[in-house]
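Along the sequence shown, residues are numbered consecutively beginning with 1.
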Amino acid sequence: MAERGYITREIRRHQGDAVALEIDNVAEEVPVALVYNDISHAVMMATPLDLEAFAVGFSLTEGIVDSVREIYDMEVAPGCDGIEVRLRISQRAFMAMKERRRTLAGRTGCGVCGIESLALLDLVPEPLATARNIAPSAAMIRQAADALRARQHLMAATGGVHAAAWCGPDGQLRAVFEDVGRHNALDKLIGHLARARETFGDGFVFLSSRASYELVRKAARMQIPMLATISAPTSLAIRIAEQAGVRLLSFCRQDGFVEYTSPESVLASDSLVAAG
């Protein structure tokens, strides 16, 4: 496995009738097993960089632990078929994790039929409490978008990964993490911030991807007040952002952005009148 996050291989590049032998960089993707107190909980396909930050972020955003203080020890153990990240967590967190696994395993059918609330699916976190209300501006988003492109080193090498950035209220980038999975990149970023004891309410996340529901859910769980993405949101992402009080911006470019939710106004789809 390459410590730089990609491998090199010989390729044949076809341009019209011409064929050239070249060396190409390919982003690495390996199975990463997250093991809690000797029980394997999840296997994620991820880029094998910053795995301790990834494990911490995953543990927080998935509600396995309530804080980094409940993670007592951690070990990254490479193997022939992938990597194990072994965590030792508090007894409270471990028992809650086991109970959650038992409840999920006991559901029948698709697991959604008959459930009356998204909250019961653990999709919608608690609404934001005291997070700072960050007012977006075109200048802020332009600053973040320009800076993010320059900090995506693995993307520049491979063309095949996502990035998650932590930005100050002025749009200045403070940290960037990359991964083949957009949710993995966000977990790495959140894990890094948690280990550094950063205050999640004092900035916003900028993502080089679409806004899917799991990204909004992770941000809301960590009380992050604003999420900005380069591409489009999904309907469930907007719904969760509304319910959690997260300001959601998408189509963020150098020349502007689209605001889908904000603390000041609820942009509910059923309140919009279709043209024509």
Side-chain angles (χ1 to χ4, degrees), residues 32-36 40-47 49-71 74 76 85 87 89-90 92-94 96-101 104 118-129 131 162-167 174-229 233-234 236-237 239-241 243-248:
V32 177
L34 298 170
V35 181
Y36 296 91
S40 182
H41 177 71
V43 177
M44 311 294 291
M45 301 305 296
T47 301
L49 294 174
D50 308 302
L51 291 183
E52 289 192 353
F54 169 59
V56 172
F58 179 90
S59 301
L60 289 166
T61 61
E62 294 302 311
I64 294 170
V65 299
D66 290 338
S67 76
V68 292
R69 292 187 294 273
E70 288 195 285
I71 300 175
M74 184 163 36
V76 178
V85 184
L87 299 97
I89 61 176
S90 71
R92 183 215 66 80
F94 182 59
M97 184 191 80
K98 288 177 63 178
E99 176 60 23
R100 183 180 177 190
R101 285 164 58 93
L104 291 174
L118 282 177
L120 296 180
L121 283 174
D122 195 31
L123 291 180
V124 182
E126 291 295 320
L128 300 195
H162 289 293
W166 181 244
C167 307
R174 298 176 179 173
V176 178
F177 287 83
E178 294 180 279
D179 197 278
V180 289
R182 58 188 182 270
H183 51 287
N184 295 341
L186 180 56
D187 278 338
K188 289 178 178 181
L189 176 66
I190 287 173
H192 165 77
L193 297 174
R195 298 174 82 193
R197 301 295 195 270
E198 291 281 347
T199 302
F200 287 102
D202 288 342
F204 69 96
V205 168
F206 192 94
L207 288 159
S208 66
S209 69
R210 65 185 176 91
S212 55
Y213 84 88
E214 72 267 32
L215 298 177
V216 177
R217 183 175 66 86
K218 288 174 182 291
R221 190 184 291 277
M222 301 313 298
Q223 298 285 295
I224 294 172
M226 190 169 85
L227 183 69
T229 67
T234 66
L236 186 54
R239 182 177 176 184
I240 292 175
Q243 294 190 27
V246 173
R247 190 186 293 264
L248 178 61

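A heavy-atom distance below 4.5 Å is found between the side chains of Thr234 and Arg210. Within the 4.5 Å cutoff, no side-chain heavy atoms of Met222 are placed close to those of Leu193. Counting heavy atoms from C-beta on, the side chains of Thr61 and Glu214 never come closer than 4.5 Å. Annotation: side chain of Ser59 is in contact with side chain of Leu87 (closest heavy-atom distance under 4.5 Å). Annotation: side chain of Phe58 is in contact with side chain of Ile64 (closest heavy-atom distance under 4.5 Å).
In this view, Ser67 satisfies the side-chain hydrogen bond (donor to acceptor under 3.5 Å, both in side chains) rule with no residue, not counting sequence neighbours. A search for side-chain hydrogen bond (donor to acceptor under 3.5 Å, both in side chains) contacts involving Arg182 returns Ser212, not counting sequence neighbours. With sequence neighbours excluded, the residues forming a ring pair (Phe, Tyr, Trp, His ring centres under 6.0 Å) with His41 are Tyr36, listed by chain and number. Arg195 is linked by a salt bridge (Lys or Arg N to Asp or Glu O under 4.0 Å) to Glu52, counting only residues two or more places apart in sequence or in another chain. By the side-chain hydrogen bond (donor to acceptor under 3.5 Å, both in side chains) test, Thr229 is found to be paired with Ser250, residues two or more places apart in sequence or in another chain being considered.
Closest of all the heavy-atom pairs between Ala244 and Ala220 is CB-CB, 3.7 Å. Arg92 approaches Val65 most closely through the heavy-atom pair NH2-CA, 4.4 Å. For Ala211 against Leu248, the heavy-atom pair with the smallest separation is CB-CD1, 4.0 Å.
The ring-ring contact (aromatic ring centres under 6.0 Å, His included) pairs that include a residue from residues 187-208 are Phe177-His192, where partners are two or more places apart or lie in different chains.
A distance of 9.0 Å separates OH in Tyr213 from NZ in Lys218, rounded to the nearest 0.5 Å.
When each of Thr47, Asp179, Asp50 is tested with Asn184 by the rule side chain to side chain donor-acceptor pair (under 3.5 Å), just one qualifies, namely Asp179.
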